[in-house]
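Structure, as structure tokens:
We count ligands from 1, going down the list as the structure has it; atoms in each ligand are counted the same way. If you read the sequence from its start, that first residue is 1, and numbering goes on from there. Note: hydrogens, waters and symmetry copies are ignored here, and every other heavy atom, side chains too, is used.
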Amino acid sequence: MDWTELLQKIKRIFWKLSNALGLQWAPVDIPMERRLQTLAAAGWIFLVLFGEGFSIYLAIQLLYSQYWYLGILYAAWMLNDIDICHKGGRKFDWVRNWSWWRYYCDYFPMKLVKTTDLDPSRNYLFACFPHGVVSSGAFGAFATNAANFYQLFPGMTCNMITLGGHFLVPFFRDLVLALGACASSQESLLHLLNLKKYKGKCVALIVGGAAEALDSHPGKYKLTLSRRKGFIRVAMMAGSPLVPVFSFGEPDVFRPMSNPQDSLMRRFQEWVKRYTGISPLFPIGRGMFQYTFGVLPLRCPITTVVGAPMEVAKNLEPTPEEVDKVHEEFTWRLVTLFESEKAKYLKDHEKVKLDLI
Ligand SMILES: *[C@@H]1O[C@H](CO)[C@@H](O)[C@H](O)[C@H]1NC(C)=O
């Protein structure tokens, strides 16, 4: 038996095995551009899933190394700096401009779209939906410059809001801060919306948070909104216009395991969320070299549409009734934005309905 024959044989066995396992491999002749996109998406999901664990591991390694004093210095600096996530953060546009994020956005591909211009002399609260599994769309649009936020909204800047816990992780916090993220506390939101020097600031809050993440399934738009009143109160206290923002396609990039209400899986997820604030999801997308299984997001387009701002009268101590009234109007505007734009960005759009809980 010569070598080519052997190789052929191995190849045949390999394909038989792949078919038996239902594996679909990526073709070998993929252009470089697409390979880099896949690498960027892989790096990003690694960051999201393991970035914090890895950072803590690095910090411990540093403390036990011969450079332990650097670890101590860093810890002292971090403690001194711990509040910055509530006080406007520390954005580095250089980091937001990394080409990593450009390849990441082109992978899906991802687009940021406006329906109207915003006034750069005012601050806005962007209420973004849906959360999806890991908010891939909002990340690209508001935590990086890769979706061309600056070109789309001249004279304005944006900050993405995320869980305060991320700012307690050494090293990881520096990256998150550089991307312009701030904590989701009331203090932090009011600071960003109120300060005069921050005119033209868009504060992007993913209202549904971890609760909404549990309901993310391809093609489904189930939003956690009726119980969420905090962001309305903050907009009223700051007198900042509320902007409905919708990421079409966000639920399509992962196929999480089925978790109906009252299933064992769902109860486990709710339990972890109660203690950590994070929903444990097992994102099933694709792998680096095959399309069947893995944690890489799927190549599905995401379009983040920024709606028209809704004026909110300044009210430092809104009553629950006043909050409900604004909440009702905002809900109506969000639904209207979804219904009027969905035909452009969703396949089978007649069948896709918003489900508000
Ligand atoms: C980042 O990119 C924007 C354009 O998107 C540009 O205006 C800005 O100067 C860049 N900043 C840095 C620090 O590279």
Side-chain angles (χ1 to χ4, degrees), residues 32-34 36-44 47-48 51 55 77-78 81 84-85 87-126 128 134-162 166-167 171-183 188 191-193 195-206 243 245-250 297 299 301-307 309 345:
M32 199 54 184
E33 184 79 7
R34 278 178 82 85
L36 286 173
Q37 292 167 2
T38 308
L39 189 67
W44 173 77
L47 202 64
V48 171
S55 300
W77 180 71
M78 176 174 148
D81 187 59
I84 193 144
C85 60
K87 297 197 161 48
R90 183 173 47 233
K91 177 153 77 182
F92 276 121
D93 265 317
W94 175 71
V95 175
R96 288 169 55 103
N97 281 356
W98 281 352
S99 39
W100 180 357
W101 316 128
R102 286 216 177 263
Y103 283 111
Y104 161 83
C105 283
D106 292 342
Y107 172 84
F108 296 91
M110 188 177 283
K111 239 176 106 185
L112 179 63
V113 171
K114 65 176 171 186
T115 56
T116 175
D117 286 322
L118 297 180
D119 177 359
S121 70
R122 305 187 66 185
N123 297 331
Y124 296 87
L125 183 56
F126 281 21
C128 310
V134 277
S135 297
S136 324
F139 174 86
F142 305 121
T144 77
N145 296 334
N148 298 328
F149 180 90
Y150 290 151
Q151 282 89 329
L152 217 53
F153 298 107
M156 311 198 69
T157 61
C158 62
N159 287 81
M160 185 145 158
I161 300 300
T162 184
H166 297 311
F167 302 96
F171 307 130
F172 187 79
R173 70 192 295 274
D174 296 298
L175 176 62
V176 179
L177 282 166
L179 291 170
C182 289
S188 156
H191 180 94
L192 288 167
L193 293 170
L195 265 191
K196 296 275 184 291
K197 72 167 185 187
Y198 283 152
K199 280 288 178 294
K201 191 161 272 303
C202 303
V203 181
L205 177 71
I206 298 150
V243 183
V245 177
F246 208 95
S247 287
F248 292 92
E250 177 73 52
R299 279 190 192 261
I302 304 178
T303 314
T304 301
V305 180
V306 178
Y345 309 113

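Using bins of under 30°, 30° to 60° and over 60° for the plane-to-plane angle, the ring pair Y104/F139 lands in the perpendicular bin.
At the top of the distance list for atom 4 (C) of ligand 1, counting protein heavy atoms only, stands Q151 NE2, 4.4 Å.
Atoms of ligand 1 found under 4.0 Å from any heavy atom of W94, numbered from 1 in the order shown, are 13 (C). Proximity to N97 (heavy-atom distance under 4.0 Å) selects the following atoms of ligand 1: 1 (C), 2 (O), 3 (C), 8 (C), 10 (C), 11 (N), 12 (C), 14 (O).
The one candidate from C105, S247, P109 that meets the side-chain contact (heavy atoms from CB on, under 4.5 Å) condition with I302 is S247.
Defined by atom type and a distance below 3.5 Å, a donor-acceptor pair is present between the side-chain atoms of R299 and T38.
The protein does not reach atom 7 (O) of ligand 1 closely, with no heavy atom under 4.0 angstrom from it.
Aromatic pair Y107/Y103: ring centres not closer than 6.0 Å.
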